[in-house]
There are 2 protein chains.
Amino acid sequence: MALKDIRIVLVRPMYGGNLGSVCRAMKNMGLSKLVLVSPQDTMDMDEARMMAVNAGDILERARTVHTLEDAVGDCGAVAGTSNRGGVYRLHAEAPRDWAPGFLERSGHTPTAVLFGCEDNGLSNEELAVCNLLVRIPCSPRYPSLNLAQAVMVCCYELFLAGGHYFPPQEKHPEAPTELRERMYVMWDEMLSTIGFYDDQKAEHMMMAMRRIFS
Amino acid sequence: MALKDIRIVLVRPMYGGNLGSVCRAMKNMGLSKLVLVSPQDTMDMDEARMMAVNAGDILERARTVHTLEDAVGDCGAVAGTSNRGGVYRLHAEAPRDWAPGFLERSGHTPTAVLFGCEDNGLSNEELAVCNLLVRIPCSPRYPSLNLAQAVMVCCYELFLAGGHYFPPQEKHPEAPTELRERMYVMWDEMLSTIGFYDDQKAEHMMMAMRRIFS
């Protein structure tokens with residue numbers, strides 16, 4: 001089980017900019033295996049290289065094949081992504097629910113996540129090959145995500161599912177009471193010396209200071 | 001408290017393609033308020049319109065201001081995004097931890113999420129204005145996310161924090177036993193009629209069928 005064993009498969013992708021952005025998103029989230037099924041003639045590889053920035057290695061090592069069967073024939077779990085509704089898509093899972101189990105199944109046999117072309121997404125025939133279906137939650141007012149954005153959301157959830165998540169950081173142990181008290185004494189002397197408060201208000205001000213720093 | 005009250009602020013953005021992609025990501029996730037602080041001369045608005053696709057309304061209504069103070073002066077919670085480390089960034093939260101509380105604080109007063117320019121991100125001076133800091137978990141091998149991808153991850157987490165999340169779907173109630181049994185009887189008759197199995201194997205096959213469909 002490892003992120004690097006998961007294959008991202010773009011079916012009939014159209015735009016080089018998206019392809020490059022997909023490479024970058026994958027590398028940002030620790031994935032590296034990319035397969036392109038019949039890229040369309042519109043694909044501009046210069047644009048792809050530009051948008052990949054420092055993920056050019058993923059772009060160069062991407063495998064291009066003719067059919068979906070060539071891309072996923074050896075795969076166990078195959079997840080299709082779709083944001084359309086309809087009776088064939090009722091069993092779709094949200095990426096957050098899907099990612100942990102999918103990552104778990106990766107590594108034993110190859111696994112793949114499929115993304116359809118920019119125009120229409122995956123067809124019913126392409127979805128039929130998948131044994132899992134992923135649907136990204138989004139606003140009903142504009143439910144169509146850019147291809148590279150959809151790849152990012154799925155890769156991000158896989159990355160988090162792999163435990164690559166930093167908890168809220170508490171790097172410094174809490175200061176012990178004696179150090180805190182010594183600090184307040186020094187402050188009190190200092191604030192009095194510079195005339196920040198007169199002695200009448202000192203106690204009240206120090207209580208307020210304590211409240212802020214506790 | 002509502003997604004639509006949250007302001008996305010791009011500080012000195014450089015590229016029209018990113019700006020358009022930001023608009024699309026925002027609309028995908030139910031956000032609509034965009035502010036640009038001193039966009040750079042490199043900004044190509046035609047490219048922005050092209051990448052915004054059906055989020056052109058957000059692009060058109062985006063407010064352009066000169067200073068960060070103009071953008072967030074009236075805001076309560078201001079979250080800065082940064083993927084760099086260092087002593088000023090130790091208290092960064094992951095988007096998943098940050099989003100629920102931030103959404104809760106929105107609506108009472110305006111709130112803002114800041115994203116720095118494509119080259120360098122937010123400067124220390126710009127981060128000093130923020131009272132919250134967000135850091136997207138990502139691979140140490142390539143920790144620099146595209147601007148629009150970073151906006152997408154943050155907006156996606158805010159969208160999920162708002163309860164816009166569909167649980168695994170179980171739309172159809174489970175079939176009652178009598179219907180299931182009637183189905184098995186019909187299958188048994190049919191499979192026998194078409195010669196799919198001979199009567200010796202019938203019982204064994206039907207048990208296997210039951211196991212599959214249970």
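Note on naming: letters A, B, ... go to the chains in the order of the sequence lines (proteins, then strands), and numbering restarts at 1 for each one. Hydrogens, waters and symmetry mates are skipped; everything else that's a heavy atom, side chains included, is used.
- Contact tally against chain A (heavy-atom pairs below 4.5 Å) for S144(B), A148(B), G17(B), C155(B): the top residue is S144(B).
- Heavy-atom proximity under 4.5 angstrom to chain A picks out S21(B), R24(B), A25(B), K27(B), N28(B), M29(B), G30(B) from residues 21-30 of chain B.
- With a 6.0 Å radius and a threshold of 12 heavy atoms from other residues, nucleotides or ligands, Y184(B) has its OH atom above the threshold.
- Heavy-atom contacts from other residues, nucleotides or ligands closer than 6.0 Å to CZ of R180(B) number more than 12.
- Counting heavy atoms of neighbouring residues, nucleotides and ligands inside a 6.0 Å radius, atom CZ of R210(A) exceeds 12 of them.
- Y142(B) pairs in a side-chain contact (heavy atoms from CB on, under 4.5 Å) with only one of the listed residues (V53(A), I58(A), D57(A)), which is V53(A).
- Residues N146(B) and M152(A) form no side-chain contact, since every pair of their non-hydrogen atoms from C-beta on lies 4.5 Å or further apart.
- F159(B) approaches S139(A) most closely through the heavy-atom pair CZ-N, 3.5 Å.
- Chain B is approached within less than 4.5 Å, heavy atom to heavy atom, by M51(A), A52(A) from residues 37-52 of chain A, ordered by number.
- Atom CZ of R182(A) has 12 or fewer neighbouring heavy atoms from other residues, nucleotides or ligands inside a 6.0 Å radius.
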